Amino acid sequence: MFLTHNMSSIYQTLFLAILVFCLGYTYCDVFPTFGDKTHVGSWRPVKNLTDIKVVEIGVFAVGEHNIRDKTKLLFQKLIKGETLQGYATKYNLTISAKDGVRDNIAKNYVALVVEEQIMKILHLVSFKGPI
């Protein structure tokens, strides 16, 4: 009986340790990406602001903001961008967009977009501005 109770406790402890690791890795980006020599949590600048993938993410951010807030912003270009690698890739983008309804003058906005690596799904986390 003592052995059975002790084994149950060991399995529960092991299960809890694995669960904590998986949740930390998945949701908190607290563990480094395998093979990555940089520190976790370091944002890296986007070197090519005309890269089609990054531009598409900027266009997605403006389009999603238009749907959510019922605006009519028109994407112009990326001004600045940073990425943070982890379980999901985070994009912190400064975007130039025109308000096609009001004054049609380009203003800058800041968007945070998360791309899930496995399913390649984009999520607009925040959209602020004009700044």
Side-chain angles (χ1 to χ4, degrees):
M1 179 163 180
F2 176 74
L3 183 60
T4 306
H5 177 68
N6 193 19
M7 289 299 285
S8 174
S9 176
I10 290 171
Y11 286 126
Q12 287 175 346
T13 303
L14 182 60
F15 174 76
L16 182 62
I18 292 170
L19 180 65
V20 168
F21 176 83
C22 290
L23 290 174
Y25 183 77
T26 302
Y27 294 107
C28 301
D29 286 334
V30 296
F31 302 103
T33 304
F34 296 108
D36 190 5
K37 305 292 186 211
T38 62
H39 296 289
V40 174
S42 59
W43 287 88
R44 294 182 180 181
V46 173
K47 294 178 182 170
N48 182 3
L49 294 173
T50 58
D51 178 273
I52 190 71
K53 179 179 179 180
V54 182
V55 170
E56 286 176 353
I57 292 170
V59 170
F60 164 80
V62 171
E64 192 68 17
H65 172 72
N66 284 340
I67 292 168
R68 289 182 187 178
D69 289 11
K70 304 204 183 334
T71 59
K72 296 198 186 270
L73 295 179
L74 304 170
F75 178 88
Q76 297 299 301
K77 65 180 180 175
L78 292 175
I79 304 297
K80 178 182 169 187
E82 299 174 302
T83 62
L84 178 64
Q85 297 291 326
Y87 173 73
T89 303
K90 296 179 179 123
Y91 294 87
N92 185 20
L93 303 174
T94 302
I95 299 168
S96 174
K98 290 183 180 180
D99 186 339
V101 174
R102 294 187 183 159
D103 52 17
N104 207 25
I105 297 172
K107 295 178 183 166
N108 293 342
Y109 300 83
V110 177
L112 179 61
V113 178
V114 175
E115 178 185 33
E116 292 181 19
Q117 292 301 315
I118 295 172
M119 301 295 289
K120 299 294 183 193
I121 298 172
L122 296 174
H123 301 282
L124 179 62
V125 176
S126 70
F127 194 94
K128 298 179 182 176
I131 55 169

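Computed over heavy atoms, backbone and side chain alike; hydrogens, waters and symmetry mates excluded. Keep in mind that this is a model prediction, so the values were computed, not measured.
Put simply, the side chain of V110 reaches to within 4.5 Å of the side chain of N92, judged on heavy atoms. Taking 4.5 Å as the limit, some side-chain heavy atom of E115 sits within range of a side-chain heavy atom of K53. Annotation: side chain of V54 is not in contact with side chain of N48 (no heavy-atom distance under 4.5 Å).
The shortest non-hydrogen separation linking S96 to I79 is CB-CD1, 3.8 Å. Here the shortest heavy-atom pairing between I95 and A111 reads CD1-CB, 4.0 Å. Across all their heavy atoms, K90 and V114 have their closest contact at CG-CG2, 3.9 Å. Across all their heavy atoms, G100 and L74 have their closest contact at CA-CD1, 4.3 Å. The two atoms that bring L73 and A97 nearest to each other are CB-CB, 4.3 Å, heavy atoms only. Between V55 and L49, the shortest heavy-atom contact is CG2-O, 3.5 Å.
The hydrophobic cluster containing W43 also contains V125, counting ILVMFWY residues as joined when their side-chain heavy atoms lie under 4.5 angstrom apart, directly or transitively. In the hydrophobic clustering of this structure, I57 groups with V59; members are Ile, Leu, Val, Met, Phe, Trp, Tyr whose side-chain heavy atoms approach within less than 4.5 Å, directly or through other members.
Using cut-offs of 30° and 60° on the angle between ring planes, the pair Y109 and H65 is tilted.
A side-chain donor-acceptor contact under 3.5 Å links D103 to the backbone of I105. Proximity of a side-chain donor or acceptor of R68 to a complementary backbone N or O of L124 within less than 3.5 Å is detected.
Taken from CG in L84 to OH in Y91, the straight-line distance is 11.0 Å, to the nearest 0.5 Å. Here D69 contributes atom CG and E64 contributes atom CD; the two are 10.0 Å apart, rounded to the nearest 0.5 Å. Considering NZ of K128 and CG of L112, their distance stands at 8.5 Å, rounded to 0.5 Å. Going from atom CG of N104 over to atom NZ of K72 covers 13.5 Å, rounded to the nearest 0.5 Å.
Around the CD1 atom of I131, the shell of radius 6.0 Å holds more than 12 heavy atoms that belong to other residues, nucleotides or ligands. For K70, the NZ atom sits in a loose shell: 12 or fewer heavy atoms of surrounding residues, nucleotides or ligands are nearer than 6.0 Å.
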Exercise. Please test D51 against V46 for side chain to side chain contact (heavy atoms under 4.5 Å, CB included), starting from the C-alpha separation and ending with a verdict.
Key: CA-CA 9 Å; D51 178 273; V46 173; 5.7 Å; no
